[in-house]
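Inspection log for the structure reproduced underneath, given as structure tokens.
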Amino acid sequence: MPSLSEPKQRRHLLGSSRSIRRLLERRWLVVVLALALTGLGAAITGLLFTSGINLLRDWRLNLLDEFPAWVVLPALGAIGGMVSAWLITNLSPAAGGAGITHIMGFLRHRSVPMGLRVGLVKLVAGIIAIGSGFPLGPEGPAVQMGGSVAWQMSRWLRAPVAFRRVIVAAGGGAGIAAVFSAPIGGFIYAIEELLHSARPVVLLLVIITTFSADTLADVIGFLGLNPGGGGLNSTIGFQLEREYTPLVRFLPVDLLYLVALGVVIGVLAELYTRYVLTMQRQGNRWFGDRLILRMTVSGLVLGCVYAALPDAFHNPSELKHLIGAGKADISLALASFVVLFFSTGLAAGSGAPGGLFMPMLTLGGAIGLAGGSGVEALTGHVPTTYVFAGMGAFVAGCSRTPISAMFLAFALTKDLLILKPILVACLTSFVIARLFHPHSIYERQMGMELDAEDRMAMKLNRYRRPFTPPTPPSGPTGGPN
């Protein structure tokens, strides 16, 4: 799609900003309702998504206690992939894949389906796919669901087009905030990756939406949808929710180790990006648009792979917790990296409705844990920030969003001291990855989608009969001779 020239783009941004300001002045109630409903919708869908995945995961683990893994995992993977793909194929084809490129395409003025139908199909199909064993995360679907809810709300309220684009991006950031309990991370992601804008009025709308989604997620969790998982307590009110509480020590010498970690992860992140894209191209070449067959075969293969692995790999959430808490040894950390590297690429290549941020965090944490253990064995120095710096660095290297990656990794600990080491690793990984390719994994995925659309258009044009204008009647007066 041709991009606007710089002067035209500047005029377009100024015009959008003026139209949003006029909307705030004349129809402020519409804006308040749209932001509130978007935050509420993103919070509800985000919590439903994570709760549904946890419910299916627990059911799968209970089955593993009663039946052998070589029966349970391949069967659940194949059946879950088939059901999820059937829902997508028959109800909303736009609900397939990670979902982030879908929202990015809409914000870049592509004609893509939006609305509650897409969000609801994404919700159900994503729960089934991830809950049945596809090793993907909830953040991509959360971005698409939040953006779809925001689009529907703005349409119901008849908001102008400029405001609709901003609130869709804000809804995507709100989905990140609700799933990760990271309102700052969701806010920065909406600005850094989705909108590429820092206009004050846009910042105000986005930050209100993402923080309201995070707050409403805590309230809804407290009311029973996600008991024990929110940041709201009945006796002390809102509280700081930390998933991990590491003992952080940041010494000047750690800067050198963090730069070295960022270099290593930057290279690995680019390799991972290329592998995921290769798997998606191969999937398109082998299966075409037969999503049901594609996801069924992928689920069966993934189930067979995980059935052959030790029990520690049967629960990806517990594996991530072991790595984040630093309780995994170097062999388990490296094995986790290898397994997730290849299995998540296969899952993403299948077109399953799941995101890559959560696998990226685990992959980066595994390398950070292994690297920290190696540094300790060689020098005796223990870099306590390596695990979370590695998490942020891997996301930054793949997504090319170092600030968002820093705050997503920070949200796991809420420790201000860890921000600096995470930022050092994120910036280093970002710079190294950009030396190989200037675009993120999502921008390259969107380019693949545009190429596929162009090939489809050319194919249709090839079989379309050319129009031949009728021969004008002969004769000097236009009549018959």
Sub-4.5 Å side-chain heavy-atom contact between M358 and L136:
no
Quick one: sort the Y275 and F342 rings into parallel, tilted or perpendicular, breaks at 30° and 60°.
perpendicular
Stepwise side chain to side chain contact (heavy atoms under 4.5 Å, CB included) test for L56 and L76
CA-CA 10 Å; L56 275 184; L76 282 181; over 6 Å; no
How far apart are the closest heavy atoms of V179 and P138, and which atoms are they?
CG1-CG, 3.5 Å
When you check the side-chain N and O atoms of E192 and S404, is any donor under 3.5 Å from an acceptor?
yes
Shortest non-hydrogen separation from G185 to F407 and the atoms involved:
CA-CB, 3.8 Å
Which is it for Y257 and T379 under the side chain to side chain contact (heavy atoms under 4.5 Å, CB included) test, yes or no, and what are the steps along the way?
CA-CA 11 Å; Y257 293 120; T379 66; 3.8 Å; yes
Have a look at Q280 and tell me which of R285, R444, Q445 forms a side chain to side chain donor-acceptor pair (under 3.5 Å) with it.
Q445
Closest heavy-atom pair, A174 versus A213, reported as atoms and distance to 0.1 Å, is CB-CB, 3.5 Å
Taking the ring centre of each residue, are Y306 and F134 less than 6.0 Å apart?
no
For M295 and G81, which heavy atoms make the closest approach, and how far apart are they?
CB-O, 3.5 Å
With a 4.5 Å cut-off on side-chain heavy atoms, are L48 and I44 touching?
yes
So, for F388 and F410, is the gap between ring centers shorter than 6.0 Å?
no
From S84 OG over to I79 CD1, what is the distance, rounded to the nearest 0.5 angstrom?
13.5 Å
Centroid separation under 6.0 Å, is that true for the rings of F187 and F211?
no
Spatial distance of atom CD1 (I103) from atom OG1 (T101) [nearest 0.5 Å]
9.0 Å
Side-chain heavy atoms of I100 within contact of M104, under 4.5 Å:
yes
How long is the span from the OG1 atom in T344 to the CE atom in M279, to the nearest 0.5 Å?
10.0 Å
Can you confirm whether the side chains of S317 and R57 place a donor and an acceptor under 3.5 Å from each other?
yes
Any non-hydrogen side-chain atom of I367 less than 4.5 Å from a side-chain atom of L261?
yes
Among L423, T385, T384, side-chain contact (heavy atoms from CB on, under 4.5 Å) partner for I418:
T385
From L334 atom CG to D329 atom CG, the distance as rounded to the nearest 0.5 Å:
9.0 Å
Test R60 against H314 for side chain to side chain contact (heavy atoms under 4.5 Å, CB included), laying out the working first.
CA-CA 9 Å; R60 187 178 77 247; H314 295 167; over 6 Å; no
Hey, what do you get for CD1 (I130) to CD1 (I53), rounding to the nearest 0.5 Å?
4.0 Å
Flag side-chain contact, heavy atom, 4.5 Å: K122 against I88
no
Please check this pair: side chain of R290 against backbone of F287, looking for a donor-acceptor N/O pair closer than 3.5 Å.
yes
Locate the shortest heavy-atom distance separating M360 from C398; write the atom from each residue and the value.
CE-CB, 3.6 Å
State whether the side chain of Y272 and the backbone N or O of G397 hold a donor-acceptor pair below 3.5 Å, judged by distance alone.
no
Determine the minimum heavy-atom distance between L291 and A85, stating which atoms define it.
O-CB, 3.6 Å
Hey, does H439 have a side-chain heavy atom less than 4.5 Å from the side chain of R434?
no
Using modelled atom types only, decide if a donor and an acceptor are shared between the side chain of T413 and the backbone of A409 within a distance under 3.5 Å.
no
For A347, is there any backbone N or O sitting under 3.5 Å from a side-chain donor or acceptor partner on S350?
yes
Distance in Å, L302 CG paired with L73 CG, rounded so as to fall on 0.5 Å steps:
10.5 Å
N284/R294 under side chain to side chain contact (heavy atoms under 4.5 Å, CB included): CA gap, chis, key distance, verdict
CA-CA 9 Å; N284 294 336; R294 185 173 178 173; 2.9 Å; yes
Salt-bridge criterion met for R400 and E270 (N-O under 4.0 Å)
yes
Cut-off 3.5 Å, side chains only: do S399 and Y442 have a donor facing an acceptor?
no
Do S336 and I323 have side chains that get closer than 4.5 Å, going by heavy atoms?
yes
For residues Y189 and L408, determine if any side-chain heavy atom of one lies less than 4.5 Å from a side-chain heavy atom of the other.
no
